[in-house]
Amino acid sequence: MKEAQFYTLNFSSLLSKEEKELASLLSACENDGFFYLDLRDWESGKILQQLDVTEQIMKHWFTLPLDYKMKTETATHAHGYKPLGIHPGVKERSSDGFEALRIGRVNLMNQTHLPEVLSTNLDEFQQYMNSAHYVLLRLMEHLSIAGEVKGEKRYELLHPPEQASKTSLLYLHYPPDGESGNGEHNAHTDAGTLTLLFVDSPGLQIFSPKTNEWEYVAVKPGHAIVNVADTLRFVSKKRFRSILHRVVPPNGKQVAHRYATAYFLRAGDDTVFEGLNGEKMTAQEWFVNKYDSFKKTLPEQDSNPVATGGMAKDLGVRIY
Ligand SMILES: O=C(O)CCC(=O)C(=O)O
Ligand SMILES: [Fe+2]
């Protein structure tokens with residue numbers, strides 16, 4: 001299977017508004033909906049160190065007994081524990097191959113409904129969340145500049161700090177085959193505006209609009225994978241592309257533990273935009289519809305465009 005080819009943007013160059021970098025950011029969001037972000041020389045890679053600290057804590061947390069993890073309070077679809085195998089996977093009769101801890105931004109910042117692992121490591125998780133949030137907000141700001149979007153329409157204003165949102169940090173663990181894992185994550189688009197994703201090993205695939213094939217995303221140390229999500233696509237009147245992606249282990253077998261960490265920037269709950277067919281909806285409504293759709297069977301997800309943000313239909317691809 002082919003390896004996907006993308007822009008690699010440098011966050012420090014973007015911060016100094018280098019024209020070439022801004023132009024690449026715009027092209028990446030318009031044509032691919034996906035790019036690598038090199039973070040190694042921004043503040044000497046501090047965000048990468050913060051990420052590493054929280055990932056080490058989470059790797060241990062995932063080893064705790066299932067009945068302990070199941071006691072984690074679920075406040076919303078953006079905050080709580082998701083056990084392995086409760087949703088469909090990639091093939092018709094398989095189920096998903098990951099467990100995950102979701103951490104809502106409002107919950108971590110206001111310290112509400114926090115599991116012990118967060119309340120005892122509050123500074124570590126808040127520091128990482130703040131860095132991830134800063135990176136994505138600056139990208140939104142630069143996208144407004146590069147796309148000449150001005151005034152109240154500027155993309156960064158979709159996330160007013162005083163308004164609640166479903167912005168969320170997610171730690172994922174894909175156990176190996178022998179531990180009832182299968183490494184799978186269904187084909188989907190993300191619900192919010194932008195996602196900052198770090199993966200430690202291969203498995204992530206995107207559906208390429210250029211080759212019309214699933215392609216593996218290579219793992220690049222020190223680089224995040226950034227992808228455009230549905231809300232930004234809708235708000236931009238489909239100028240930007242939200243990318244269809246899934247996880248399938250290379251050679252069909254999940255040989256080792258796989259970990260991924262995603263930060264989903266999502267618009268304020270009351271943000272109104274025109275959805276798939278031009279109908280008015282709020283960011284919160286789209287988010288709830290989206291998570292409800294992940295529970296459905298794959299044929300249902302395939303025929304109902306919510307799970308894939310309408311992209312599967314646009315691309316003419318069947319998702320199972
Ligand atoms: O595990 C991965 O590489 C991707 C996870 C993902 O796409 C998601 O959680 O939305
Ligand atoms: Fe995703």
Side-chain angles (χ1 to χ4, degrees), residues 1 3-4 6 32-37 51 55 58-59 62 77-90 94-104 132 136 166-176 181-207 214-221 223-233 241-250 254-266 286-287 289-295 301 306-312 319:
M1 191 174 283
E3 208 164 78
F6 297 108
D32 302 331
F34 209 82
F35 56 90
Y36 289 110
L37 187 66
L51 171 73
E55 284 184 338
M58 286 309 300
K59 276 184 190 174
F62 283 125
H77 282 313
H79 186 82
Y81 174 63
K82 180 212 145 317
L84 179 79
I86 59 168
H87 297 324
V90 168
S94 65
S95 46
D96 74 73
F98 67 96
E99 58 174 338
L101 185 69
R102 300 177 175 135
I103 307 168
L136 291 186
K166 296 294 175 287
T167 294
S168 177
L169 172 61
L170 177 77
Y171 291 85
L172 303 105
H173 169 223
Y174 298 74
N182 62 11
E184 293 184 10
H185 194 136
N186 71 330
H188 66 282
T189 53
D190 293 344
T193 49
L194 282 181
T195 302
L196 187 78
L197 176 71
F198 290 95
V199 298
D200 74 338
S201 47
L204 179 65
Q205 296 181 337
I206 56 102
F207 191 81
W214 288 103
E215 296 178 351
Y216 273 108
V217 177
V219 179
K220 283 197 184 191
H223 292 67
I225 295 155
V226 176
N227 65 278
V228 172
D230 297 332
T231 302
L232 182 55
R233 175 163 179 259
R241 176 182 276 285
S242 61
I243 185 101
L244 188 61
H245 55 286
R246 68 181 188 184
V247 182
V248 177
Q254 187 63 32
V255 287
H257 293 273
R258 178 175 184 273
Y259 297 92
T261 304
Y263 187 66
F264 300 111
L265 184 66
R266 292 172 176 142
W286 177 255
F287 174 80
N289 286 348
K290 184 95 179 173
Y291 276 75
D292 284 345
S293 80
F294 290 155
K295 296 178 198 150
Q301 289 187 23
V306 177
T308 60
M311 292 309 291
I319 59 164

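Order of appearance sets the numbers: ligands from 1, and atoms from 1 within every ligand.
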Subject >> For ligand 1, the portion of A260 having any non-hydrogen atom under 4.0 Å away >> reply: side chain
**OP:** Between T195 and ligand 1, find which residue part has any heavy-atom pair under 4.0 Å and reply side chain, backbone, both or neither.
**Re:** neither
Subject >> Contact check: H245 to the Fe ion (ligand 2), N/O/S below 2.8 Å >> reply: yes
**OP:** Verify side chain to side chain contact (heavy atoms under 4.5 Å, CB included) between I206 and V217, making sure each step is shown before the conclusion.
**Re:** CA-CA 7 Å; I206 56 102; V217 177; 3.8 Å; yes
Does the side chain of [X] reach to within under 4.5 Å of the side chain of [Y], using non-hydrogen atoms?
| X | Y | answer |
| --- | --- | --- |
| L169 | T261 | yes |
| F264 | K166 | no |
| P176 | H257 | yes |

Per-atom contacts, ligand 1 versus [X] - under 4.0 Å to a heavy atom:
| X | value |
| --- | --- |
| V199 | 3 (O) |
| L172 | 9 (O) |
| F264 | 8 (C), 9 (O), 10 (O) |
| L170 | 9 (O) |

Original post:
Heavy atoms only: which of H245, H185, R258 is nearest to atom 3 (O) of ligand 1?
Top reply: R258
**OP:** Assert yes or no for the condition that the ring centre distance of F98 to H185 is strictly below 6.0 Å.
**Re:** yes
Subject >> Distance-only side-chain donor-acceptor flag, E99 / Y81, under 3.5 Å >> reply: yes
**OP:** Could you tell me whether a side-chain N or O of D190 sits under 3.5 Å from a main-chain N or O of G192, the two making a donor and an acceptor?
**Re:** no
Original post:
Just by distance, do the side chain of K290 and the backbone of T189 share a donor-acceptor pair under 3.5 Å?
Top reply: yes
**OP:** Have a look at D190 and say which of its N, O or S atoms is nearest the Fe ion (ligand 2).
**Re:** OD1
Identify the closest protein heavy atom to [atom]: which residue and atom is it, and at what distance?
| atom | value |
| --- | --- |
| atom 1 (O) of ligand 1 | Y174 OH, 2.6 Å |
| atom 10 (O) of ligand 1 | H188 NE2, 3.0 Å |
| atom 4 (C) of ligand 1 | V247 CG2, 3.8 Å |

